[in-house]
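The structure appears below as structure tokens.
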Amino acid sequence: ALMISLTHRFDLAKPEYDARVFELARSLGKDQRQADAQQSASGYRWTYLSTQEQIAIARLGKTLIKDDDSAVAGTLSIGGTSTPIDPSRLWSRDFSAADLRAGVRLTPTGDPPLYTNIDIAGIPRTAPKPDDHYVDIKRTFYSLDGQPWEPKSMKEGDALIVGITLEAREAMPDALLVDLLPGGLEIENFNLTDAKQWADVVVDGITISDRSSAADVRHEEFRDDRYVAALKLDKGQSAKVFYMVRAVTPGNFMVPPPLVEDMYQPEVRGIGKSTPGAIKVIEP
């Protein structure tokens with residue numbers, strides 16, 4: 001994709017160069033279907049693109065649109081209502097669940113070839129199945145004294161320590177850990193608390209004040225809805241990361257599973273199990 005983008009940028013494009021994009025797409029599609037058929041029994045699928053690959057494809061699309069004078073028009077029908085589409089090089093539209101239930105039909109006009117891409121986004125009804133084929137990832141909740149937390153209702157203001165243990169089957173020098181929070185919890189940054197508070201707190205054999213020695217963390221972020229860490233995982237060695245959460249909103253909340261993947265090989269990933277599957281936060 002980047003090579004084709006460069007040939008267009010420097011006026012070196014040729015039809016046979018552009019044709020290679022479609023040959024590659026067809027080849028990857030065939031390989032994808034074969035891999036899906038082979039891997040479906042074991043529960044993991046080769047359906048991931050890295051951030052860099054997605055950016056490369058986006059750059060290619062932008063380049064091809066800019067260099068193409070063709071346009072698409074037509075009629076969009078949602079339920080019983082039809083709306084004309086003015087000619088444009090690129091047309092896109094978001095559809096709600098209500099639109100899809102009513103029925104969506106696009107009747108395009110224009111000089112072929114025309115290309116359509118459909119993305120479906122939503123929240124799954126069930127959590128993804130645990131997958132430790134490449135890397136084992138486990139999340140455990142602890143009380144502030146370092147003892148394993150017995151699942152029960154949390155009161156607003158209660159805090160827990162979250163410990164995540166990772167063990168890669170192969171070396172993952174560019175691992176990205178993403179741990180989504182249940183809706184009623186927020187992260188509190190250990191680095192903004194008094195280090196003396198954690199001097200005697202030991203979690204899973206690691207003193208919290210010395211937690212940086214338990215994993216080779218290159219970067220970490222304490223976001224509103226997730227904990228994110230970029231780290232280096234050595235083959236067969238256990239790595240442990242910790243962060244703290246506090247209950248802030250009453251309600252019943254599902255607990256998303258932890259996820260880790262290789263940033264440059266996103267099919268190399270691990271999905272943990274949510275234990276407990278839900279957390280209840282009550283008023284004090």
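- Taken to the nearest 0.5 Å, the OG1 atom of Thr83 stands 6.5 Å off from the CD1 atom of Ile78.
- A distance of 11.0 Å separates CD1 in Ile57 from CD1 in Ile55, rounded to the nearest 0.5 Å.
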Residues Ile118, Phe95; criterion side chain to side chain contact (heavy atoms under 4.5 Å, CB included); working and verdict: CA-CA 11 Å; Ile118 301 174; Phe95 299 101; over 6 Å; no
Check against side chain to side chain contact (heavy atoms under 4.5 Å, CB included), Leu259 and Arg269: CA-CA 7 Å; Leu259 167 70; Arg269 56 174 48 202; 4.1 Å; yes
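- In terms of hydrophobic clustering, with Ile, Leu, Val, Met, Phe, Trp and Tyr side chains grouped at heavy-atom distances under 4.5 Å, Val248 and Leu181 are assigned to different clusters.
- Under the 4.5 Å side-chain heavy-atom criterion for ILVMFWY residues, a single connected hydrophobic cluster contains both Val203 and Leu144.
- Ile4 approaches Tyr17 most closely through the heavy-atom pair CD1-O, 3.1 Å.
- Counting only distance, with no hydrogens or angles, the side chain of Ser88 and the backbone of Leu90 share a donor-acceptor pair below 3.5 Å.
- Taking every heavy atom of both residues into account, Val104 and Asp99 meet most closely at CG2-O, 3.5 Å.
- In this structure, Asp145 places its CG atom where more than 12 heavy-atom neighbours from other residues, nucleotides or ligands lie under 6.0 Å away.
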Worked check of salt bridge (charged side-chain N to carboxylate O under 4.0 Å, His left out) between Lys129 and Asp131: CA-CA 6 Å; Lys129 295 180 180 180; Asp131 181 0; over 6 Å; no
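- Looking at Lys273 and Pro257, their side chains never come closer than 4.5 Å, going by heavy atoms from C-beta outward.
- Between the CG atom in Leu76 and the CZ atom in Arg105 there is a gap of 11.5 Å [rounded to 0.5 Å].
- Here the shortest heavy-atom pairing between Gly184 and Val281 reads O-CG2, 4.4 Å.
- Side chains of Ile279 and Val255 form a contact here, defined as non-hydrogen atoms less than 4.5 Å apart.
- Of all non-hydrogen atoms in Phe253 and Pro250, the two that sit nearest each other are CZ-O, 3.6 Å.
- Inter-residue side-chain proximity for Ile164 and Ile137 is flagged as met; some heavy-atom pair is nearer than 4.5 Å.
- Between Tyr227 and Phe222, the ring centre distance stays below 6.0 Å.
- Ionic pairing of Asp216 and Arg218 is present here: one or more N-O contacts between side-chain nitrogen and carboxylate oxygen are shorter than 4.0 angstrom.
- Heavy-atom minimum distance, Met263 versus Ala230: CE-CB, 4.3 Å.
- Ion pair Lys138/Asp136 flagged as a salt bridge, since at least one NZ, NE, NH1 or NH2 atom sits closer than 4.0 Å to an Asp/Glu carboxylate oxygen.
- A salt bridge links Asp179 with Arg139; the closest basic N to acidic carboxylate O contact falls under 4.0 Å.
- The number of heavy atoms from other shown groups lying within 6.0 Å of CD (Glu16) is above 12.
- Applying the side-chain hydrogen bond (donor to acceptor under 3.5 Å, both in side chains) criterion to Ser82, with sequence neighbours excluded, gives Ser77.
- Heavy atoms from other residues, nucleotides or ligands lying under 6.0 Å from CG of Asp200 number 12 at most.
- The shortest side-chain heavy-atom distance between Ile187 and Arg223 does not fall under the 4.5 Å cut-off.
- To the nearest 0.5 Å, atoms CD (Glu170) and CD (Gln265) are separated by 10.5 Å.
- A heavy-atom distance below 4.5 Å is found between the side chains of Lys155 and Asp158.
- The only option from Val228, Val135, Val217, Val241 that meets the side chain to side chain contact (heavy atoms under 4.5 Å, CB included) definition with Leu177 turns out to be Val241.
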Worked verdict on Glu186 versus Asp225 for side chain to side chain contact (heavy atoms under 4.5 Å, CB included): CA-CA 7 Å; Glu186 287 185 356; Asp225 65 340; over 6 Å; no
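- Using a cut-off of 4.0 Å between Lys/Arg side-chain N and Asp/Glu carboxylate O, Lys240 and Asp204 are scored as salt-bridged.
- Between Lys280 atom NZ and Ser153 atom OG the span is 5.0 Å, to the nearest 0.5 Å.
- When all heavy atoms are compared, the tightest approach of Pro284 to Glu156 is CD-OE1, 3.6 Å.
- Grouping the Ile, Leu, Val, Met, Phe, Trp and Tyr side chains by contacts below 4.5 angstrom, directly or via other members, places Leu176 with Tyr264.
- When side chains are defined from C-beta on, Arg211 does not count as touching Tyr243, because their heavy atoms never get closer than 4.5 Å.
- For the ring-ring contact (aromatic ring centres under 6.0 Å, His included) test, no residue two or more places apart in sequence or in another chain qualifies with Phe242.
- Side-chain contact check for Pro151 versus Phe141: every heavy-atom pair is 4.5 Å or farther apart.
- The cluster map of Ile, Leu, Val, Met, Phe, Trp and Tyr, joined by side-chain heavy atoms under 4.5 Å apart, puts Ile282 and Met254 in different clusters.
- Both Trp149 and Val245 sit in one connected hydrophobic cluster of ILVMFWY residues. Membership requires side-chain heavy atoms under 4.5 Å apart, directly or through other members.
- Other members of the hydrophobic cluster containing Leu6, listed by chain and number, are Phe10, Leu12; membership follows side-chain contacts under 4.5 Å among ILVMFWY residues, whether direct or relayed.
- With rounding to the nearest 0.5 Å, the separation of CG in Leu60 from CD1 in Ile65 is 9.5 Å.
- More than 12 heavy-atom neighbours from other residues, nucleotides or ligands sit within 6.0 angstrom of CD on Glu23.
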Side chain to side chain contact (heavy atoms under 4.5 Å, CB included) between Leu233 and Leu166, worked out: CA-CA 8 Å; Leu233 297 178; Leu166 308 106; 4.3 Å; yes
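- Screening Met172, Arg169, His133 against Val268 for a side chain to side chain contact (heavy atoms under 4.5 Å, CB included) leaves a single residue, Met172.
- The backbone N or O of Ser50 lies less than 3.5 Å from a partner atom in the side chain of Glu53, making a donor-acceptor pair.
- Between Arg20 and Asp18, no side-chain nitrogen of the basic residue sits less than 4.0 Å from a carboxylate oxygen of the acidic one, so the salt-bridge criterion is not met.
- Side-chain contact check for Glu188 versus Met244: some heavy-atom pair is nearer than 4.5 Å.
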